[in-house]
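Lettering follows sequence order; numbering is per chain, from 1.
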Number of protein chains: 2
Amino acid sequence: MNELSTEDRIKQAAKALFQEKGYSGTRTRDIAERSGINLALLNYYFRSKQKLFELVMLETIQQFFGTLPQYLNNPETSLDEKIQLLSRRYIDFLKTEPDLPLFILSEIRHNASGLIEKMNLNEVVFKSVLAKQYAEAMGRTEVDTKEIYMLIINPLSLIIFPFVARPMVMALTGLDQNGFDQMMEQRKTLIPIWNRNMLNSDLNTTSSNTTI
Amino acid sequence: MNELSTEDRIKQAAKALFQEKGYSGTRTRDIAERSGINLALLNYYFRSKQKLFELVMLETIQQFFGTLPQYLNNPETSLDEKIQLLSRRYIDFLKTEPDLPLFILSEIRHNASGLIEKMNLNEVVFKSVLAKQYAEAMGRTEVDTKEIYMLIINPLSLIIFPFVARPMVMALTGLDQNGFDQMMEQRKTLIPIWNRNMLNSDLNTTSSNTTI
DNA sequence: GTCTATATTTAGATAGAC
DNA sequence: GTCTATCTAAATATAGAC
């Protein structure tokens with residue numbers, strides 16, 4: 001069945017524990033125990049806790065951001081379809097890995113600063129097909145960079161934040177794990193709709209009168 | 001000038017370091033050093049690192065959530081004004097304490113689970129004036145609880161997430177600290193507008209055709 | 001490659017003088 | 001209340017046998 005090499009078993013156990021307890025909260029002994037191997041082997045393969053962590057972290061970041069460019073750069077899909085796809089795929093993914101965002105965000109701050117810079121997401125976003133399509137939709141060739149931030153930060157906020165704040169959201173709403181998942185399922189279709197409306201409302205700087 | 005008692009100096013230093021490095025990443029020696037006192041005194045006043053942490057954490061949670069009820073329950077303000085006020089005040093607050101949300105979210109998960117439950121935010125939200133005003137606006141006496149979640153989770157997502165993901169957002173956008181603050185300043189007025197439109201779009205379940 | 005045993009370092013907590 | 005010195009425990013890392 002699970003014919004993983006020793007090296008991979010250690011990496012897998014490390015990934016789980018680092019995510020659960022963070023870098024400093026994780027003991028190498030626990031990683032060894034969960035891998036079903038001895039502590040000495042961990043150092044044999046990875047030299048140190050720090051090195052092991054960096055490896056795991058790099059893979060995790062790539063797992064998280066690796067798919068982003070392909071969503072943003074598909075010339076076959078419209079601007080709106082891109083947001084739909086982004087919502088669906090990221091929510092599906094995060095339902096299987098709900099602790100990933102909080103892990104990445106807090107460990108980047110504490111133990112892996114610099115990793116994000118190296119990926120230069122900046123270019124990835126601004127040179128994307130998404131950015132071009134936005135400019136076209138607005139009827140301009142050049143678009144204020146600030147508008148592009150919103151275009152990407154707002155959907156990501158609405159997708160990721162509930163996972164980051166899951167314990168808080170569950171306490172706030174009284175939902176159990178199942179109810180939480182259902183809520184996120186609904187958001188797959190709601191977020192793109194909201195996003196369209198947010199973009200439209202930015203067009204009419206006249207902040208518009210509404211029913212509520 | 002800064003005539004704090006020794007006890008308060010320790011607490012203040014602890015707060016700063018716990019926020020910066022998390023519970024397990026913080027050494028009591030560092031807290032002592034930053035307080036300008038000796039390690040032994042820390043234990044004299046607070047008995048243990050754990051006890052000191054719990055105290056600091058409790059105060060931090062109250063600082064963060066303590067103001068929420070007064071925003072949600074003011075009978076003088078409309079639904080929309082409540083969201084406006086919430087956005088303005090929380091963004092102002094978070095500009096002075098940008099690391100607070102990530103700290104709370106990650107430490108609650110690791111070292112302070114149960115603290116949130118004790119505050120039963122659930123009741124605070126559902127019995128709020130805000131919830132009543134929402135029901136009225138919808139022309140109903142009873143409203144599906146799911147709608148209330150959205151009413152509160154969405155603005156909070158849009159307000160808090162950029163702070164939680166600040167390193168990522170700054171890398172993504174290329175903004176410096178100053179530019180980031182300006183972006184958040186703009187969001188004070190944008191978020192309430194977006195929120196109005198999100199609520200309206202939920203009314204027409206016909207997901208509506210729009211310009212983009 | 002894998003283990004047991006051990007060295008080394010680090011960090012929390014306390015004893016006891018002042 | 002505050003300090004120096006020290007104890008104790010925990011956790012990382014390595015030596016050396018198999």
Side-chain angles (χ1 to χ4, degrees), chain A residues 1-60 103 106-113 115, chain B residues 1-60 103 106-113 115:
Chain A
M1 276 299 195
N2 212 345
E3 283 297 325
L4 286 175
S5 68
T6 303
E7 187 170 353
D8 283 336
R9 291 223 313 288
I10 299 175
K11 234 159 65 179
Q12 190 176 283
K15 205 173 223 165
L17 281 169
F18 282 139
Q19 276 183 40
E20 197 177 316
K21 298 168 185 289
Y23 176 76
S24 19
T26 299
R27 293 193 308 264
T28 50
R29 280 175 160 76
D30 293 336
I31 298 175
E33 191 185 1
R34 184 179 295 208
S35 319
I37 56 94
N38 188 278
L39 172 59
L41 262 191
L42 187 150
N43 291 291
Y44 171 76
Y45 279 110
F46 301 98
R47 191 73 193 167
S48 77
K49 180 187 180 183
Q50 181 65 34
K51 289 252 196 309
L52 172 57
F53 175 78
E54 280 163 15
L55 198 69
V56 163
M57 193 61 188
L58 188 66
E59 288 188 12
T60 305
F103 168 66
S106 77
E107 294 303 319
I108 272 180
R109 189 168 143 56
H110 298 136
N111 303 300
S113 57
L115 255 186
Chain B
M1 276 301 197
N2 213 346
E3 283 296 327
L4 286 176
S5 67
T6 303
E7 187 170 353
D8 284 336
R9 289 222 315 287
I10 298 174
K11 234 159 65 180
Q12 189 175 281
K15 205 171 222 164
L17 281 168
F18 282 139
Q19 276 183 40
E20 195 176 315
K21 297 169 184 293
Y23 176 77
S24 20
T26 299
R27 292 193 307 264
T28 50
R29 283 176 159 77
D30 293 337
I31 298 174
E33 191 185 0
R34 184 181 294 207
S35 318
I37 56 94
N38 187 277
L39 172 58
L41 262 191
L42 186 151
N43 291 293
Y44 171 76
Y45 278 109
F46 300 98
R47 190 73 192 169
S48 76
K49 180 187 180 184
Q50 181 64 33
K51 289 251 195 307
L52 173 56
F53 175 77
E54 280 164 16
L55 197 70
V56 163
M57 194 60 187
L58 188 67
E59 287 187 12
T60 305
F103 168 65
S106 77
E107 294 303 319
I108 271 180
R109 188 168 142 55
H110 297 136
N111 302 299
S113 57
L115 255 185

A.B. asks: Under 3.5 Å, is there a donor-acceptor pair between the side chain of Ser113(B) and the main chain of Arg109(B)?
C.D. replies: no
A.B. asks: Want to settle it: does Gly36(B) or Tyr44(A) sit nearer the 5' end of DNA chain D, counting the closest nucleotide to each?
C.D. replies: Gly36(B)
A.B. asks: What is the distance, rounded to the nearest whole Å, between atom CZ of Arg47(A) and atom P of dG1(C)?
C.D. replies: 16 Å
A.B. asks: How is Thr26(A) classified with respect to the nucleic acid when contacts are heavy atoms under 4.0 Å: base, sugar-phosphate, or nothing?
C.D. replies: sugar-phosphate
A.B. asks: Within the 4.0 Å heavy-atom criterion, would you say Tyr45(A) contacts the bases, only the backbone, or no part of the nucleic acid?
C.D. replies: sugar-phosphate
A.B. asks: Tyr23(B) OH to dA11(C) P: how many Å, rounded?
C.D. replies: 13 Å
A.B. asks: How many whole angstroms separate atom CD of Glu33(A) from atom P of dC3(C)?
C.D. replies: 13 Å
A.B. asks: Rounded to the nearest angstrom, tell me the gap between atom CZ in Phe46(A) and atom P in dT2(C).
C.D. replies: 12 Å
A.B. asks: For the salt bridge (Lys or Arg N to Asp or Glu O under 4.0 Å) test, which of Glu59(B), Glu107(B), Glu20(B) pairs with Lys15(B)?
C.D. replies: Glu59(B)
A.B. asks: Nearest to the side chain of Lys49(A) - dC3(D), dG1(D), dA13(D)?
C.D. replies: dA13(D)
A.B. asks: Just say parallel, tilted or perpendicular for the rings of Tyr23(A) and Phe18(A), cut-offs at 30° and 60°.
C.D. replies: parallel
A.B. asks: Would you sort out whether Leu52(B) and Ile31(B) count as a side chain to side chain contact (heavy atoms under 4.5 Å, CB included), showing the intermediate values?
C.D. replies: CA-CA 11 Å; Leu52(B) 173 56; Ile31(B) 298 174; 4.1 Å; yes
A.B. asks: By nearest atom, which of the nucleotides dT2(C), dG1(D), dC3(C) is closest to the Asn38(A) side chain?
C.D. replies: dC3(C)
A.B. asks: Select base, sugar-phosphate, or nothing to describe what Leu42(A) touches, counting heavy atoms under 4.0 Å on all strands.
C.D. replies: nothing
A.B. asks: Starting at atom CD1 of Ile31(B), determine the distance to atom P of dA11(C), rounded to an integer number of angstrom.
C.D. replies: 12 Å
A.B. asks: So, does Asn43(B) get its side chain near the phosphate of dT14(C), meaning an N or O under 4.0 Å from OP1 or OP2?
C.D. replies: no
A.B. asks: Quick one: is dG12(C) close enough that its OP1 or OP2 comes under 4.0 Å of any side-chain N or O from Thr28(B)?
C.D. replies: yes
A.B. asks: Expressed in angstrom and rounded to an integer, what is the separation of Lys21(B) atom NZ from dT10(C) atom P?
C.D. replies: 15 Å
A.B. asks: Given atom CZ of Arg29(B) and atom P of dT14(C), what is their separation to the nearest angstrom?
C.D. replies: 14 Å
A.B. asks: With distance as the sole test, does Lys11(A) use its side chain to make a donor-acceptor pair with the main-chain N or O of Leu55(A) at under 3.5 Å?
C.D. replies: no
A.B. asks: Is any side-chain N or O of Ser48(B) closer than 4.0 Å to OP1 or OP2 of dG12(C)?
C.D. replies: no
A.B. asks: Measure from CZ on Arg27(A) to P on dA9(D) and round the result to the nearest Å.
C.D. replies: 16 Å
A.B. asks: Using the side-chain heavy atoms of Thr6(B), tell me which of these nucleotides is nearest: dT2(D), dA13(D), dT2(C).
C.D. replies: dT2(D)
A.B. asks: Looking at the side chain of Ala40(A), which of dT2(D), dA15(D), dG1(C) is the nearest nucleotide?
C.D. replies: dA15(D)
